[in-house]
Amino acid sequence: MKNILNAPFLTEMIRTATNMYAHGWDERNGGNISMLLDEAEVRKYLDFPAIVRTIPTGFEAPALDGRIFLVTGTGKYFKNVQYDPAKNLGIVRLAKNGTEAEVLWGFSDGGKFTSEFPAHMMSHVARMRVNPENRVVMHCHPANLLAMTYVHDLDEKAFTRTLWQMCTECIVVFPDGVNVLPWMLCGTNEIGLATAGKMETARLVVWAQHGIYGAGRDLDETFGLIETAEKAAEIWMKIAHLPLKNTITDAQMHELESRFGVKAREGWLEP
Ligand code: 13P
Ligand code: ZN
């Protein structure tokens, strides 16, 4: 059995959590990450079926039965993940129609998965349907996106168009745009279902006055999505109060579409 602390999925998760903290996106225990693992890969590092304990999930997700996830722990600080991965992270396998999570590794202080587990798992189900390559769901609290939700219209098309106009590459990185949920109580199945619904049409979902969710193929791609949206929000927060002299026009956005082979969300650009 290989040492799990050297597993690429674990080292990459540690690096990502550390980097997210360094970006200021994850104060205290803010933010959470889940990543779908390949069972054959996990078997190189863990005995099967050595179940440490089982934890009820509080929801049903039959599509995830038998699926294994590496996930951050509730109440755990991203800044500490690198120093004690076994305490701050866990590997769980979903069972019994997704109503139970079998802990295979981690949560070593008796802890459990993030309180946002419903939003993560339901989003995985939604994204898998759209693109089976999606393996990562990431949530964090980037300051500029959050700030924007206090002063910008929360209409998804308007919010997305503003972000697209702030940096040339935004439309290339997230042509599907950004969906937006109004403020809702976090950590519930309700916000989980609502987030998953929004994940059917975009890989970024803003939670007004709270933060953002991103979904992608791997940790790098998902991090990059959030990073790009947050950069755009930062620019908007710098210029929104100043007289606007220039912007990226819809005609220029269409040039970007052809140059980079992407298609903007239907109807969100002028023809
Ligand atoms: P957890 O510590 O339970 O992951 O919660 C952090 C958070 O960001 C809630 O939205
Ligand atoms: Zn949060």
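All ligand and atom numbering here is 1-based and tracks the order in the structure. Remember, it's a predicted structure, so these values are computed and weren't measured experimentally.
- When every heavy atom of H254 is checked against every heavy atom of P271, the shortest pair comes out as NE2-C, 3.8 Å.
- No hydrogens or angles considered: nothing links the side chains of T149 and W183 as a donor-acceptor pair under 3.5 Å.
- In the vicinity of H139, heavy-atom distances shorter than 4.0 Å reach the ligand 1 atoms 8 (O), 10 (O).
- The protein atom (non-hydrogen) at minimum distance from atom 7 (C) of ligand 1 is N32 ND2, 3.4 Å.
- Here is the list of ligand 1 atoms found below 4.0 Å of a heavy atom in N29: 1 (P), 2 (O), 5 (O), 6 (C).
- The Zn ion (ligand 2) forms the vertex of an angle spanning NE2 of H210 and NE2 of H141; to the nearest 10 degrees it equals 100°.
- Here the closest non-hydrogen pair linking R203 and P175 is NH2-CD, 4.1 Å.
- L219 and M138 get closest at one heavy-atom pair: O-CE, 3.9 Å.
- Looking at ligand 1, you'll find an N or O of G75 within less than 3.5 Å of one of its N or O atoms.
- Closest approach between the Zn ion (ligand 2) and any N/O/S atom of H139 involves NE2.
- Taking any N or O of C186, backbone or side chain, none lies under 3.5 Å from an N or O belonging to ligand 1.
- Taking the ring centroids of H120 and F69, they lie at or beyond the 6.0 Å cut-off.
- Taking a cutoff of 4.0 Å between a charged side-chain nitrogen and a carboxylate oxygen, E102 and R93 qualify as a salt bridge.
- V71 and Y45 fall into different hydrophobic clusters, where Ile, Leu, Val, Met, Phe, Trp and Tyr are joined by side-chain heavy atoms under 4.5 Å apart, directly or via other members.
- In this structure, atom 4 (O) of ligand 1 lies nearest to the protein heavy atom T114 OG1, 2.7 Å.
- Numbered from 1 in the order shown, with element, the atoms of ligand 1 that lie under 4.0 Å from a heavy atom of H141 read 8 (O).
- Ligand 1 places these atoms under 4.0 Å from at least one heavy atom of T74: 1 (P), 2 (O), 3 (O).
- Close approach of ligand 1 to E116 is summarised as follows: ligand atoms under 4.0 Å from at least one heavy atom of the residue are 9 (C), 10 (O).
- In terms of polar-atom proximity, defined here as any N/O pair under 3.5 Å, S115 does make such a contact with ligand 1.
- When only interatomic distances are considered, the shortest N/O to N/O separation between H210 and ligand 1 falls below 3.5 Å.
- For an aromatic pair to be called close, the ring centres must be under 6.0 Å apart, and W236 with F159 fails this.
- In terms of heavy atoms, G31 sits closest to F78 at O-CE1, 3.4 Å.
- For atom 8 (O) of ligand 1, the closest heavy atom belonging to the protein is G31 N, 2.9 Å.
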